[in-house]
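Only a predicted model underlies this, so the values are computations on that prediction, with no experimental measurement involved. Order of the sequence lines sets the chain letters (A, B, ...), proteins ahead of strands, with each chain counted from 1.
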Amino acid sequence: MSLLAGLNEEQSAAVVHAQGPLVVFAGAGSGKTRVITHRVAHLVGERKVAPWRILAVTFTNKAAAEMRERLTRLLPSGANDLWVGTFHAICARLLRRYADEVGVRKDFVIYDDADQRAMITRVARDVGLDERRFPPRMLAGAINRAKNDGLGPDDLPSGDSFEQAVQKVFATYEERMNVAGALDFGDLIYRMVRAMQANPELKHALQSRFEHVLVDEYQDTNHVQYMLVRLLCEEHRNLCVVGDDDQSIYRFRGADRRNILDFSRHFPDARVVKLEQNYRSTQRILRIAHAVVSRNIDREPKQLWTQNGEGNKVAVIGCVDERDEAATIVQLIRMLLESGLARREIALLYRIHAQSRVFEEALRYFNIPYRVVGGLRFYDRAEVKDLHAYLRVIQNPRDDVSLLRIINNPPRGIGKTAITRLLDSAARGGHSVWTALEQVEQDPAQAGAARSSLLKFRELIQGLQRLAATELPSIVAQNVLVETGYDKALQTEDSAEADARRENLREVIGSMKELEREATDPSLASYLELVTLQTDTDKTANEDSLTLMTVHAAKGLEFKVVIVAGLEEELFPHRGYSPEDDPDDLEEERRLAYVAFTRAEHRLFLSYAGSRRVYGELKMRVPSRFLREMPPADLDMLSSESGRPRAPSAPRPQSSYGSQPSYGSQGSYGGQARYRSEPPRPRSEPPRPSRATTESYVDRSEGSDYGDPGIRRGTYVRHPKFGVGEVHAVTSESPPRVTVRFPGWGEKTLLATYLEPA
DNA sequence: TCCGAATTAATTTTT
DNA sequence: TTAATTCGGA
């Protein structure tokens, strides 16, 4: 029973649960991964379930790899025969195995979002849609949403013109994808579900195969994924799902929290286990996280508790603007590092990537090693995608999107006209571009130079295909770079950027070689599948650098110290360009905040700026409502050094990086910070913030020594039309509205977003 | 065919 | 602000 050693009662219950559906509500830091891995180990080791009859689904490859690794250690027999993987990877594997039954080609390629977008753009043009009225990204969104809901083109409404456009594009897109032998991410799951529904034998084969199905991060499954899970476990009914509805942060991608919230309704005989003991954070951190998320109406009631200590107060640092925020936070980080903390133990989180820039500048200024997670991914680089496109065309020349990507890259005299004619020919024949290329001799429209360029390109690809029949992928890749002239073109360019691209390509080939050494099946097809499904390589995880990332990217991670920047209205909670308040959006922002805060083990720092450049425009900012929702007793309200009032016309210092901070920790980062602290605010009365609380927060007492970076009475602001005026009152916070007296114009009430500090 | 100016748009994104 | 994409002229 060593598997149960060190587990608490609830964890053990989940591990040993024998038969039937089980839902585990696993709060942040409650030992979720442990439960899931130990459960699998228990099934194999104690209950003698054959490993190949266990399916464990994760959301990331990283999580899958981690689970496999842990299981390898837990199980004497190893984890090789277990089915562990993401929904997408598992479906891809099943689709290849049952390609004939499903009706897909065994050698299908997988289109990522960019490929999909390219295809949709082309289809939309071909069916004659106005790109301005129906932007491809919206069409793609609608198509993906449909697939996430398990719907095909025929299942969609066709009321308004947009719906009609979607339906038309969707249907044609499916045809084209079929011709191209390509599946998009959504297809992988959708097609599998459809096939099981349509084919009872296939359904039965799979249902009897998987005796136990386990799903991690169940709160982020979408509807088709639910359908798939449901189908797979129909026979044995041994479904174990683990998740936390409070950490569901992918609604915008179709994740449906109802899947976990309604689990007991979907499976009435389900056992429910709640893991509420947190092993990660201090009590204060949990309290403020809970204070925010518990305001959500639609959630499973639960509250994390911990035996950990009370911990330090959560520091809230008010800053002047985003540069001041960056300078202040970097100073804070320097002090944390000086106090003995390792860089890898600190994370700086933000709501959107755009926020990282100023921090990166400040960190570079002080030579603090950092890594930015997410953003531009390695495999998304143009040159990498180009090489992969060549490889994909070699493997499957019907892959139109890839073919069109490389047909004149590097330039080889195949111009717009020649390509248009080729596309016409393909459309006429209802076949792929490659087929059109094979028939180019019969096409009278292709004449002279264009025709010979096309023929030359065709021979180039055919030659590489012959090579690929016998050689390893890395050899093929090297030949691609040489024979296509791709490398030569970069060499000729002779710029630093081109050198970097060549370096990246060398790196790709290096990693291909590495994979070939390890892989059981070092084929081009398996390499290509791997790189499309495995987006992040995460090789930098071991180096000691500070981590910068979005809150989304931080899910599942933990750090000794977490700093969350930009706790301002409009930013966090984020409101992009959606004009109206969607309560569901706000609830998701709360969950996001909950995820952010619960990443912290020992200390949590929050910051906001009083003004910030948004798309180049200086905007006034209002501190996040989330701050107001936290118990004031757990907060330390502070302001940055430069948060002190300055003469309105005083020039901004060139750089605030050199200034000494007015706060610090003594000895260790765990010590009480020497921040200037404000008198405690009266407890506000959420959820409906009264005007009074608004003022007690935003409109600090006059004559205060502390500069309030936010908008308050007396602040001078500039409006594009009315000029400079004085703020008379803050009338609402969301949207931030203020009354301003403009000389010559009188008193105006307007949105603070139109104002900048004067 | 290609380069640079003009235009436009701008969350989060495990796959 | 920026980055990405498109368009127009050489």
(request) Both distances under 3.5 Å, Watson-Crick or G-U wobble: report the partner of C:dG9, or none. (result) B:dC2
(request) Decide, applying a 5.5 Å centre-distance limit and a 30° plane-angle limit (both strict), whether A:F252 stacks on B:dT12. (result) yes
(request) Compute both the distance and the angle, then confirm whether A:R412 meets the cation-pi test with A:F457: under 6.0 Å from the six-membered ring centre, within 45 degrees of the axis. (result) no
(message) Distance check needed: B:dT11 P versus A:Y350 OH, whole Å only.
(response) 14 Å
(request) Indicate, with a heavy-atom threshold strictly under 4.0 Å, whether A:D112 touches base, sugar-phosphate, or nothing. (result) nothing
(request) Mind calculating the distance between CZ (A:R251) and P (B:dT13) to the nearest angstrom? (result) 16 Å
(request) Could you please spell out the steps behind the side chain to side chain donor-acceptor pair (under 3.5 Å) verdict for A:Y486 and A:D386? (result) CA-CA 9 Å; A:Y486 198 94; A:D386 289 340; 2.5 Å; yes
(message) Within the 4.0 Å heavy-atom criterion, would you say A:L349 contacts the bases, only the backbone, or no part of the nucleic acid?
(response) nothing
(request) Taking only the side-chain heavy atoms of A:H88 (C-beta and beyond), determine which of C:dT6, B:dT12, B:dT15 contains the nearest atom. (result) B:dT15
(request) Using the closest heavy atom to pick a nucleotide of DNA chain B for each, name whichever of A:G413 or A:G616 lands nearer the 5' end. (result) A:G413
(message) Any N or O donor-acceptor pair under 3.5 Å from the base of B:dT15 to the side chain of A:R253?
(response) yes
(request) Report the distance from atom CE of A:M549 to atom C1' of B:dT12, rounded to the nearest whole Å. (result) 14 Å
(message) Does A:G556 reach a base, just sugar-phosphate, or nothing at all? Heavy atoms under 4.0 Å.
(response) nothing
(message) Among A:R191, A:K147, A:R194, which residue satisfies the salt bridge (charged side-chain N to carboxylate O under 4.0 Å, His left out) criterion with A:E174?
(response) A:K147
(request) Determine whether A:E587 and A:D298 make a side-chain contact, defined as any pair of heavy atoms from C-beta on separated by less than 4.5 Å. (result) yes
(message) Between A:E568 and A:R612, does any side-chain N to carboxylate O distance fall below 4.0 Å?
(response) yes
(request) Give A:K416 one of three labels, base, sugar-phosphate or nothing, depending on what nucleic acid heavy atoms sit under 4.0 Å from its own. (result) sugar-phosphate
(request) Quickly work out the A:H574 NE2 to B:dT13 C1' distance and round it to whole Å. (result) 14 Å
Filtered N/O pairs between nucleotides 3-5 of chain C and protein, under 3.5 Å:
none

(message) Would you call the rings of A:Y350 and A:F359 parallel, tilted or perpendicular, taking 30° and 60° as the class edges?
(response) parallel
(request) Could you tell me whether the phosphate oxygens of B:dT13, OP1 or OP2, come under 4.0 Å of any side-chain nitrogen or oxygen in A:H353? (result) yes
(message) Please report the distance, rounded to the nearest Å, between CG in A:D585 and P in B:dT11.
(response) 15 Å
(message) Measure CD1/A:I189 against P/B:dT15 and give the value in whole Å, please.
(response) 12 Å
(message) Please compare A:E217 and A:I414 by the position of their nearest nucleotide in DNA chain B and report the one closer to 5'.
(response) A:I414
(request) Nearest whole angstrom, please: distance from the P of C:dT2 to the CG of A:L618. (result) 14 Å
(request) Taking only the side-chain nitrogens and oxygens of A:R613, find out if one of them lies under 4.0 Å from OP1 or OP2 of C:dT2. (result) no
(request) State whether A:T532 places a side-chain N or O below 4.0 Å from either non-bridging phosphate oxygen (OP1 or OP2) of B:dT15. (result) no
(request) Determine the contact category for A:Y250: base if any of its heavy atoms lies under 4.0 Å from a base atom, sugar-phosphate if only primed atoms, P, OP1 or OP2 are that close, otherwise nothing. (result) base
